[in-house]
Enquirer: 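Quick one: this structure, given as structure tokens, is what I'll be asking you about.
Each chain gets a letter, A, B and so on, in the order its sequence line appears, and its residues count up from 1. Predicted model only: the values in this text are computed from it and were never measured.
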Amino acid sequence: MPELPEVETVRRSLLRLVGRTVARVATSGLALRAPVDEKRLARACAGARVDGVRRVGKYLLLDFSRGDVLLAHLGMSGRFLFADGDAPREPHTHAVFALDGGGELRYVDPRRFGFLRACSADEVAESPELRALGPDPLSRAFTVDGFADALSSSRTPIKSFLLDQSRIAGLGNIYASEVLHRAGVSPRRRADRLGRARAERLHRAIVEVLAAAVSRRGTTFRDYVDADGARGGNQFHLAVYDRAGEPCPVCNAAIRRVTQGARSTFYCPACQR
DNA sequence: GCATTACCCTGAAAGC
DNA sequence: TGCTTTCAGGGTAATG
């Protein structure tokens, strides 16, 4: 389940693409979240050099030398993987970028909730996917005042607010639960009823939890790996996620699981208010 | 206009 | 043991 720390880890592992040229592109022909336009993909990438790899929220952006951009989202189960050209392809390989000088970058996604689209640099800035995103919490755009303002305008439970990518771009189900625990805030509390002190604690917790997870190269629950196939290390540091019935690491009360917006939420009923 | 629900998809786990 | 059902969750579209 790639969230911001996992996507950032993938981004860093993709940085060694910079300076490499894509020789050709092939796709499986199967639709991901949206159909993949193989011709447009080839027009953007084939014969073009990778000039940069960026991240916005959970989206990855590969900048190509002719000015095109590959916009990618890993969805639930998507992976970018480096491989030898003659190595057998994993099942559910949906795109292959053959590199000049040998080797391939492959996009593998069993559940096909991911997303791949090539566009021009102008189009990407105006793309509905990126325009819909709120501030990235590891960017300067994520300020306490802006966050507090956004909270005050929403009556939804804070857990659902944190998952809303138009409010903050990058949190998913694991880190939303972890952030609320770190801040001592109940997942059921209405966003507009947090108050300034809780908003500040929550803002700090978001930055701290995500930064710590990035430093541990993400959380590997089931199948997340970076482009070199390496697992993350943050799963050993989760306080509440997937720990229903286990003792809270802060106060020893039993961690609870509830369902909010069709997603599981894990929290400590004693220290989250 | 806002918040909630259904849906896409596959693999793992649970249930029979 | 082996088949069937349920569940998980990213984002978006449809519904309330």
Side-chain angles (χ1 to χ4, degrees), chain A residues 1-11 27-36 55-61 71-81 89-95 107-117 124 127-134 136-137 149-180 187-194 210 213 218-225 231-232 234-235 238 240-245 257-267:
Chain A
M1 302 163 224
E3 304 180 28
L4 186 153
E6 291 75 39
V7 178
E8 175 61 20
T9 303
V10 171
R11 185 191 75 82
T27 70
S28 66
L30 291 173
L32 303 175
R33 185 171 96 207
V36 179
R55 180 191 60 74
V56 180
K58 300 179 196 173
Y59 282 90
L60 284 166
L61 291 80
L71 184 60
H73 195 291
L74 302 175
M76 285 281 300
S77 57
R79 303 171 175 187
F80 276 111
L81 290 172
R89 287 182 187 166
E90 283 201 29
H92 311 293
T93 298
H94 295 294
Y107 179 78
V108 179
D109 188 358
R111 292 184 199 175
R112 288 197 265 144
F113 282 11
F115 179 84
L116 288 178
R117 186 157 58 82
V124 77
S127 70
E129 292 82 9
L130 297 190
R131 279 178 60 110
L133 297 180
D136 185 292
D149 276 353
L151 287 170
S152 66
S153 70
S154 174
R155 295 188 294 185
T156 200
I158 184 61
K159 167 68 180 338
S160 301
F161 179 97
L162 294 177
L163 291 179
D164 183 345
Q165 303 299 297
S166 72
R167 300 292 193 174
I168 313 168
L171 287 173
N173 211 35
I174 295 176
Y175 296 111
S177 283
E178 292 298 309
V179 157
L180 287 167
R188 289 194 256 226
R189 184 173 282 273
R190 268 173 52 165
D192 60 349
R193 297 204 177 152
L194 257 70
L210 293 177
T219 300
T220 296
F221 233 82
R222 212 162 268 136
D223 44 19
Y224 158 74
V225 289
R231 296 164 60 86
N234 196 63
Q235 60 274 18
L238 297 177
V240 290
Y241 184 81
D242 203 34
R243 303 187 65 155
R257 180 196 150 160
V258 292
T259 300
Q260 291 180 289
R263 301 290 192 262
S264 296
T265 299
F266 299 88
Y267 73 104

Enquirer: Rounded at 0.5 Å granularity, tell me how far OG1 in A/Thr93 sits from CZ in A/Arg79.
Expert: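 The distance works out to 10.0 Å.
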Enquirer: Spell out, as yes or no, whether a donor-acceptor pair under 3.5 Å connects the side chain of A/Gln165 to the backbone of A/Gly57.
Expert: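 Such a contact is absent between A/Gln165 side chain and A/Gly57 backbone.
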Enquirer: Rounded to whole Å, please give me the gap between CG in A/Asp242 and P in B/dA12.
Expert: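 These atoms are roughly 16 Å apart.
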Enquirer: If an axis is fit to five pairs at each end of the helix from B/dC2-C/dG16 to B/dC16-C/dG2, what is the angle between the two, to the nearest 10°?
Expert: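 About 60° separates the two local helix axes.
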Enquirer: Kindly write out the residues that satisfy side-chain hydrogen bond (donor to acceptor under 3.5 Å, both in side chains) with A/Ser160, not counting sequence neighbours, or none if the list is empty.
Expert: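 Checked A/Ser160 against side-chain hydrogen bond (donor to acceptor under 3.5 Å, both in side chains); zero matches.
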Enquirer: With no hydrogens and no angle check, do the side chains of A/Glu6 and A/Tyr175 hold a donor and an acceptor under 3.5 Å apart?
Expert: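 The answer is yes; a qualifying pair exists.
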Enquirer: Rounded to whole Å, how long is the line connecting atom CG of A/Leu32 with atom C1' of B/dC7?
Expert: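 Atom-to-atom, A/Leu32 to B/dC7, this comes out as 16 Å.
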Enquirer: Going through the checks in order, is the side chain to side chain contact (heavy atoms under 4.5 Å, CB included) test met by A/Leu210 and A/Leu171?
Expert: CA-CA 9 Å; A/Leu210 293 177; A/Leu171 287 173; 3.9 Å; yes
Enquirer: Given side chain to side chain contact (heavy atoms under 4.5 Å, CB included), test A/His92 with A/Ser77 step by step and report yes or no.
Expert: CA-CA 10 Å; A/His92 311 293; A/Ser77 57; over 6 Å; no
Enquirer: Sequence neighbours excluded, which residues qualify as side-chain hydrogen bond (donor to acceptor under 3.5 Å, both in side chains) partners of A/Thr9?
Expert: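 With sequence neighbours excluded, A/Thr9 shows a side-chain hydrogen bond (donor to acceptor under 3.5 Å, both in side chains) to no residue whatsoever.
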Enquirer: Roughly how far apart are A/Ser28 OG and A/Arg112 CZ, rounded to 0.5 Å?
Expert: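 A/Ser28 OG to A/Arg112 CZ: 7.0 Å, rounded to 0.5 Å.
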Enquirer: Assign a letter to each nucleotide of nucleotides 9-16 of chain C from its 5' end: B, base within under 4.0 Å of a protein heavy atom; S, sugar-phosphate only; -, no contact.
Expert: BBBS----
Enquirer: All N/O contacts under 3.5 Å from nucleotides 2-4 of chain B to the protein, with atom names and distances to one decimal?
Expert:
{"residue": "B/dA3", "atom": "OP1", "partner": "A/Ser154", "partner atom": "OG", "Å": "3.4"}
{"residue": "B/dA3", "atom": "OP1", "partner": "A/Arg155", "partner atom": "N", "Å": "3.1"}
{"residue": "B/dT4", "atom": "OP2", "partner": "A/Thr156", "partner atom": "OG1", "Å": "2.8"}

Enquirer: Measure the CG-CD distance between A/Leu61 and A/Glu129 for me, rounded to the nearest 0.5 Å.
Expert: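 A/Leu61 atom CG to A/Glu129 atom CD measures 10.5 Å (nearest 0.5 Å).
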Enquirer: Measure the distance from CZ on A/Arg112 to C1' on B/dC7 and round it to the nearest whole Å.
Expert: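 Distance, rounded to whole Å: 14 Å.
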Enquirer: Return no unless some side-chain N or O of A/His92 is found under 4.0 Å from OP1 or OP2 of B/dC9.
Expert: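 A/His92 to B/dC9 OP1/OP2: no side-chain N or O under 4.0 Å.
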Enquirer: The criterion is salt bridge (charged side-chain N to carboxylate O under 4.0 Å, His left out); which residues satisfy it with A/Glu8, sequence neighbours excluded?
Expert: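 Scan of A/Glu8 (salt bridge (charged side-chain N to carboxylate O under 4.0 Å, His left out), adjacent residues dropped) gives A/Arg11, A/Arg12, A/Arg55.
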